[in-house]
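Reminder, nothing fancy here: chain letters follow the sequence lines and each chain counts from 1.
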There are 2 protein chains.
Amino acid sequence: MPVYLGALTALSASGHTTASSEALARACDMSAAIVRRDLSLLDHTGRRGVGYDVAQLAGAIRRFLGIDRLRPVGIVGAGRMGTALAHYLSDPQHGFSVRAVFDSSAARIGQPVVDLAIRDSATLPAAVRELALELLVIAVPAAAAQSVVDAVVDTDIRGLLNFAPVPVRAPAGIEVRHVDLATELQVLSHFAPAIPAHPSASRSSLGPLEAES
Amino acid sequence: MPVYLGALTALSASGHTTASSEALARACDMSAAIVRRDLSLLDHTGRRGVGYDVAQLAGAIRRFLGIDRLRPVGIVGAGRMGTALAHYLSDPQHGFSVRAVFDSSAARIGQPVVDLAIRDSATLPAAVRELALELLVIAVPAAAAQSVVDAVVDTDIRGLLNFAPVPVRAPAGIEVRHVDLATELQVLSHFAPAIPAHPSASRSSLGPLEAES
DNA sequence: GTATGTGAAGTGATTCACAGCG
DNA sequence: CGCTGTGAATCACTTCACATAC
């Protein structure tokens with residue numbers, strides 16, 4: 001859905017007011033069939049013989065994603081990654097409002113990020129309640145990740161996006177999603193094997209994949 | 001596979017020399033059956049009645065991922081995200097060697113990142129050849145992403161990890177993987193819906209998911 | 001005529017359960 | 001006896017194809 005939303009935003013910017021499943025499929029490179037099936041999960045907006053109304057469909061997707069409201073999020077960890085994420089997610093186009101950034105290092109507390117002063121991580125649960133934060137982005141070192149989760153289990157936090165390279169555990173009722181940037185590059189590495197210098201022993205995995213006809 | 005590799009590294013650090021599929025499953029929270037099926041893709045190392053040899057299995061996974069060799073990668077874009085990625089991926093534990101960082105802004109060219117001087121993006125194809133870069137991380141603004149791809153199509157680059165929030169197109173033979181951080185948070189947002197203030201109309205999507213028994 | 005929405009078929013991934021090996 | 005490795009069943013997702021609505 002987020003991919004469709006991005007494509008719709010681009011289409012809207014270039015003046016299109018309507019889009020067919022095939023046009024969307026081309027923009028997102030996917031098949032038209034799957035686009036239609038995906039969009040059928042929404043309270044539909046498609047018109048047969050015409051296509052989808054761009055603005056209306058974008059609205060439906062935003063509702064589906066729960067970002068028709070600019071959801072309040074917090075960033076935990078104001079290192080390079082946390083800071084980069086804070087800036088990136090502050091663009092309201094993505095559907096979020098970065099309301100607080102936390103760090104445990106005295107040198108960073110009070111420093112500005114975007115237009116926020118970095119808060120002490122010790123105040124995390126209080127700030128989550130005070131600012132009604134619903135989602136938290138975890139961008140702390142691996143060793144600290146689980147303790148961040150533990151600190152907010154008794155708040156109304158709904159979801160955690162974990163960038164720390166360890167799986168964290170949270171009770172039911174708090175959704176967790178893990179993103180590991182090294183993992184992404186490792187998976188790419190597998191599918192993009194080096195050209196063997198000495199083509200002697202055959203590799204354990206597949207060779208270069210087939211062309212897209 | 002990367003998840004297993006991470007778990008194995010942790011197990012190794014805590015003195016374990018052997019691990020069962022069930023132990024790995026717990027560490028990665030997955031089912032033991034799928035762990036075994038996944039690992040069966042490797043030139044096996046499992047011993048019935050005992051489990052897997054931690055060091056041997058880690059080696060097999062690294063080979064599978066093509067990182068038994070510390071693959072040379074380049075980072076294109078030395079903004080906040082590019083810089084954060086350069087630092088993160090410079091940890092040799094992940095299996096990569098960051099050999100160059102590029103940017104097109106005159107203010108940044110020559111500045112140090114990790115222990116590299118930022119290079120001019122105009123020199124990208126030459127540097128890819130000179131340094132034998134195999135993978136590129138794209139961390140540039142959306143508008144510049146496709147031109148980065150176009151600049152390296154005639155080199156021996158094997159894969160591109162694209163962090164720019166636009167789909168980029170590359171010819172067959174160059175693997176592309178897309179990571180969109182806003183998308184990840186949006187997907188989390190969908191699965192972690194806000195608690196409705198006025199529980200009047202039923203939501204279009206599923207409610208809070210079932211507990212993990 | 002055109003493009004959606006959706007049963008039905010096909011394909012791939014997960015789970016089960018157990019034979020086989022150490 | 002324990003744990004792997006894997007056929008067989010199950011489940012989910014994708015693709016096809018067309019009736020349906022505009």
Check your understanding: Quick one: does B/Arg37 reach the base of D/dG7 with a side-chain donor-acceptor pair under 3.5 Å?
Key ->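 Answer yes: a donor N or O sits under 3.5 Å from an acceptor.
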Does [X] put a side-chain nitrogen or oxygen below 4.0 Å from OP1 or OP2 of [N]?
X       : N      : answer
A/Ser31 : D/dT15 : yes
B/Ser21 : D/dC3  : no
B/Tyr52 : D/dG5  : yes

Over how many whole Å does the gap from [X] atom [atom1] to [N] atom [atom2] extend?
X       : N      : atom1 : atom2 : value
A/Asp29 : D/dT14 : CG    : P     : 14 Å
A/Leu42 : C/dT6  : CG    : P     : 13 Å
A/Met30 : D/dT14 : CE    : P     : 7 Å
B/Leu24 : D/dG5  : CG    : P     : 12 Å
B/Arg26 : D/dC3  : CZ    : C1'   : 13 Å
B/Arg47 : D/dT4  : CZ    : P     : 13 Å
B/Arg36 : C/dC18 : CZ    : P     : 13 Å
B/Leu57 : D/dG5  : CG    : P     : 10 Å

Review point. Nearest to the side chain of B/Arg48 - D/dC22, C/dA19, D/dC16?
Key: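 So the nucleotide nearest the side chain must be C/dA19.
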Practice item. Ignoring the backbone of B/Ile34, work out which of C/dT15, D/dC22, D/dC3 is nearest its side chain. Key: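 Nearest to the side chain of B/Ile34 among the choices is C/dT15.
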Practice item. Please confirm whether the backbone N or O of B/Arg99 pairs with a side-chain atom of B/Ser97, one donor and one acceptor, at under 3.5 Å? Key: no
**Study point:** Donor-acceptor contact present, side-chain B/Asp103 to main-chain B/Ala78, <3.5 Å
**Key:**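 Between the backbone of B/Ala78 and the side chain of B/Asp103 there is a qualifying donor-acceptor contact (under 3.5 Å).
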Practice item. Apply the test side-chain hydrogen bond (donor to acceptor under 3.5 Å, both in side chains) to residues A/Ser189 and B/Arg71: give CA-CA distance (whole Å), side-chain angles for both, the deciding distance (0.1 Å), then the verdict. Key: CA-CA 8 Å; A/Ser189 176; B/Arg71 291 190 88 175; 3.0 Å; yes
Check your understanding: If you round to the nearest 0.5 Å, how far is CD of B/Glu184 from CZ of A/Phe163?
Key -> 7.0 Å
Review point. Between B/Arg80 and A/Thr83, is any side-chain donor less than 3.5 angstrom from a side-chain acceptor?
Key: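 No, no side-chain donor-acceptor contact under 3.5 Å.
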